[in-house]
Visitor: 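Right, I'll just put the structure down here and ask away after.
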Amino acid sequence: MKRIRGFAVAMTALFFVHVALAADTPPRAAIASAHSLATEAGFEVLAQGGNAFDAAVAVAAALSVVEPQSSGIGGGGLFLLRRAGDGKEVMIDARETSPIAVDMKDYVGANGEPDRDHATNGPLSAAIPGEPAGLVWMAKHYGKLPLAKSLAPAIRIARKGFKPDGRFLKELAMRKEVIARYPASAALYLVDGEAPKSGWTFKSPDLARVLERIAESGNDGFYRGELAQVLVDGVRRQGGRWTLDDLAKYEVKERAPLAFDYRGWHIVTASPPSSGGIALAEILNVLGGYDLGKLDRVHRVHLTVEAMRRAYRDRAEYLGDPDFVGMPIARLMSPDYAAGLRASIHPEKATPSELLPPYLAPEQGTHTTHFSIMDKEGNLVAGTQTVNLIFGSGFVVPGTGFVLNNEMDDFALVPGKPNAFGMLGNDRNAPKPGSRPLSSMSPSFVIGEDKVGVIGTPGGSRIITMVLEGILAFIDGESPETFVGNPRYHHQYMPDVISAEKGAFTPDEVRALEAMGHKVSESERRWGFMNAVSWDRKTGAMHAGSDPRGDSGSGVVK
Ligand code: GLY
């Protein structure tokens with residue numbers, strides 16, 4: 001008996017030693033992305049001795065190949081990193097920039113109305129890509145492997161091809177008219193001028209060659225030399241304003257992420273040129289003053305919507321490219337400021353948005369992708385990347401094999417006139433030569449005493465409220481596999497309505513919210529494609545969740 005007790009004590013001690021070790025580093029790696037081929041690319045690179053940052057390069061590049069409707073080498077992204085060794089947290093800003101020769105007259109039609117075609121389709125809508133420089137930077141400064149290894153899976157998939165899923169085919173059909181305008185776009189994405197059907201194999205040997213150039217020569221392979229000349233010539237031939245100087249001068253920016261605390265959790269998130277982190281901080285600072293756990297769902301939703309309404313009002317009034325405009329970030333993120341906002345919230349009544357001071361808000365596009373990675377060393381990556389709208393500008397320069405973004409539409413191109421989403425512009429976010437458009441991308445880390453989460457999603461201006469709802473669910477104990485699928489609701493100040501996915505509210509909850517003065521609009525439309533991973537330091541449990549809204553998403557722990 002004594003021996004058994006001794007054995008039990010020894011085993012208990014061993015168990016605690018194991019738990020203590022597990023607390024320092026995750027037992028396995030976790031990757032969640034919008035496509036199983038991209039998630040596999042990440043694990044392939046980890047198996048070769050790469051770290052989370054090499055895996056991020058592999059996943060980001062593979063997504064560029066397999067999900068070109070959402071992001072790509074012709075686009076840009078924001079990559080939030082946490083390096084376990086020294087705790088360094090950084091946001092790699094690989095956002096696209098406005099061409100130096102930008103002329104806002106291009107975006108106004110002869111009748112004085114906004115020229116939405118120029119803003120969203122073809123070469124005038126394309127900003128200078130940041131994605132290639134972002135990948136090169138991440139590999140060089142944070143990775144362990146050469147680019148030739150981390151880009152290898154993407155190069156292989158681009159050359160061999162793969163069978164696109166239903167979402168890819170449906171979204172391609174939606175952009176067919178614009179893609180058909182440009183011969184190289186049509187040759188890449190259409191079959192005999194038509195949107196391809198299920199069973200079609202998509203290949204891009206030209207893109208494989210572009211990725212090989214980047215693998216061999218880094219930034220010079222894309223931003224200088226032969227490819228730069230091909231890109232500039234191709235854009236200018238179709239009426240765009242790119243120059244060789246635009247490409248040669250493109251720079252990744254390393255920015256300090258924003259960080260704040262909420263109910264004992266530390267949130268690390270995107271800084272400007274994203275509006276996401278500031279809006280998240282405002283909303284969570286407001287909510288931090290309530291004991292949400294003691295409230296019924298209707299009152300929780302009411303207060304959350306009121307916090308969303310106020311944060312979205314501020315978000316675009318004050319924000320733009322930090323290299324070009326000053327911003328009252330400390331004020332917007334301060335708990336005292338949140339206390340002032342909270343004081344204006346009636347506990348039982350909606351505040352009509354028109355009673356808040358007006359602002360002119362730009363809106364962001366809806367097609368983007370997010371991946372989350374955690375490796376066994378505890379390195380974290382939250383990467384959100386985009387070409388803006390579906391298949392970006394729809395324009396492929398002959399010989400390159402990838403679509404250019406239409407990120408110019410994330411600028412307020414015609415101040416005072418609505419953009420594609422019926423929203424108005426603010427000249428803080430007007431394009432200046434070389435400036436970056438305001439974004440909603442909100443890659444985030446949620447760090448608690450025991451648990452660590454990595455989270456993000458596409459979804460235009462809804463990104464912020466989706467990430468908010470994911471963070472709140474994670475803090476309340478839900479795991480990524482479940483919270484990525486939760487039905488969502490959203491309020492963005494204007495229009496003054498709570499939009500909700502089917503199932504977000506019961507009929508009784510809708511009635512109760514309406515009685516408080518809210519308008520609720522439920523629709524069949526589903527939003528976002530959240531990919532999140534987590535680790536419980538205490539139990540060692542790891543999770544990877546990919547949004548069931550996407551056909552091809554893949555969250556894997558191994
Ligand atoms: N283009 C989407 C965003 O940056 O928010």
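Quick note: numbers below take in every heavy atom, side chains included, and nothing from hydrogens, waters or symmetry partners. All residue numbers in this chain count up from 1 along the given sequence. Note that ligands are numbered from 1 as they come in the structure, with each ligand's atoms numbered from 1 the same way.
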Visitor: Below 4.0 angstrom from a heavy atom of Ser439, which ligand 1 atoms are there? Numbered from 1 as shown, please.
Guide: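 Here the atoms of ligand 1 in question are 3 (C), 4 (O), 5 (O).
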
Visitor: At a 4.0 Å threshold, what atoms of ligand 1 neighbour a non-hydrogen atom of Asp410?
Guide: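 The list of qualifying atoms is 1 (N), 2 (C), 3 (C), 4 (O).
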
Visitor: Within the 4.0 Å heavy-atom shell around Thr368, which atoms of ligand 1 are there?
Guide: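 Listed by number with element: 2 (C).
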
Visitor: Can you list the ligand 1 atoms lying under 4.0 Å from a non-hydrogen atom of Arg95?
Guide: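 Those atoms are 4 (O).
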
Visitor: Would Val65 and Leu211 count as a side-chain contact (heavy atoms from CB on, under 4.5 Å) if you check the C-alpha gap in whole Å, the side-chain angles of each, and the deciding distance to 0.1 Å?
Guide: CA-CA 10 Å; Val65 177; Leu211 290 167; 4.1 Å; yes

Visitor: Could you check Asp321, Leu438, Thr386 and say which one makes a side chain to side chain contact (heavy atoms under 4.5 Å, CB included) with Arg95?
Guide: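 That would be Thr386.
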
Visitor: Below 4.0 angstrom from a heavy atom of Ser440, which ligand 1 atoms are there? Numbered from 1 as shown, please.
Guide: 3 (C), 4 (O), 5 (O)

Visitor: In terms of atom number and element, which parts of ligand 1 are under 4.0 angstrom from non-hydrogen atoms of Glu407?
Guide: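 Taking each heavy atom of Glu407 in turn, ligand 1 has 1 (N) under 4.0 Å.
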
Visitor: Which residues satisfy the ring-ring contact (aromatic ring centres under 6.0 Å, His included) test with Trp527, sequence neighbours excluded?
Guide: none

Visitor: Taking only heavy atoms of Thr386, which atoms of ligand 1 are found under 4.0 Å from at least one of them?
Guide: 1 (N)

Visitor: Does anything in residues 323-333 form a side chain to side chain donor-acceptor pair (under 3.5 Å)? List the pairs, not counting sequence neighbours.
Guide: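 Checked against side chain to side chain donor-acceptor pair (under 3.5 Å) - neighbours excluded - the pairs reaching residues 323-333 are Lys253-Asp323, Arg255-Asp323.
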
Visitor: Determine, using heavy atoms of His367 and all atoms of ligand 1, whether some pair is separated by less than 4.0 Å.
Guide: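 His367 does not count as a contact of ligand 1 under the 4.0 Å cut-off.
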
Visitor: Using 0.5 Å steps for rounding, measure from the CZ atom of Phe483 to the CD1 atom of Ile455.
Guide: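 Spacing of CZ (Phe483) from CD1 (Ile455) equals 4.0 Å.
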
Visitor: Roughly how far apart are Ser353 OG and Lys519 NZ, rounded to 0.5 Å?
Guide: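 The distance works out to 7.5 Å.
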
